[in-house]
Amino acid sequence: GDFHLDAARCRCRRGGGGEGAGGPLDHLRVDPQFNMLRQLVQARPEMLQPLLAELGQAHPEVLQQIQDNQEEFVRLINEPVDQNQQMQAQMAMQALMAQGG
């Protein structure tokens with residue numbers, strides 16, 4: 001499936017610097033696939049490396065952003081996922097399974 005990160009990236013660019021709106025990885029907060037990753041990693045921290053490796057193959061530019069902002073990434077990963085985002089993440093995960101990807 002294709003990540004929803006493209007839309008988020010365009011939004012970021014248009015908003016100019018976007019410094020006030022949180023860090024450079026802020027758009028990941030609302031990305032269902034990132035929230036899915038976050039839930040997985042919170043449940044099984046050892047999954048982080050393989051998941052990032054996979055992400056890097058599909059979206060090298062996102063992995064680059066993460067590597068440039070590792071502290072923020074770690075902060076985001078450790079943030080609790082709220083109910084609403086959790087539902088979205090589960091739906092995204094089911095959609096992914098349905099595709100047989």
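Atoms considered below: every heavy atom in the structure, side chains included; atoms not considered: hydrogens, waters and symmetry mates. Nothing here was measured: the structure is a model prediction, and the numbers come from that model.
Contact check for L40 versus L48: no side-chain heavy atoms found under the 4.5 Å cut-off. Two residues are said to be in side-chain contact when any heavy atoms from C-beta on lie closer than 4.5 Å; L37 and I77 meet this criterion. Residues M36 and Q90 form no side-chain contact, since every pair of their non-hydrogen atoms from C-beta on lies 4.5 Å or further apart. The closest side-chain heavy-atom distance from N78 to F73 is not below 4.5 Å. The shortest distance between side-chain heavy atoms of M47 and Q42 does not fall below 4.5 Å. Using a 4.5 Å cut-off on side-chain heavy atoms (C-beta onward), L76 and F34 make contact.
Between the CD atom of Q57 and the CD atom of E54 there is a distance of 7.5 Å, given to the nearest 0.5 Å. In this structure, E72 CD and L28 CG are separated by 8.0 Å, a value rounded to the nearest 0.5 Å. With values rounded to the nearest 0.5 angstrom, I66 atom CD1 is found 10.5 Å from H59 atom NE2. The line from CE of M91 to CG of N35 is 13.0 Å long, rounded to the nearest 0.5 Å. Between the CG atom in D26 and the CG atom in N69 there is a gap of 11.0 Å [rounded to 0.5 Å].
Q64 and D68 form a side-chain donor-acceptor contact under 3.5 Å, judged by distance and modelled atom types alone.
Within 6.0 Å of the CD atom in E46, the count of heavy atoms belonging to other residues, nucleotides or ligands exceeds 12. More than 12 heavy atoms of other residues, nucleotides or ligands lie within 6.0 Å of CD in E79, so this atom counts as buried by the packing criterion.
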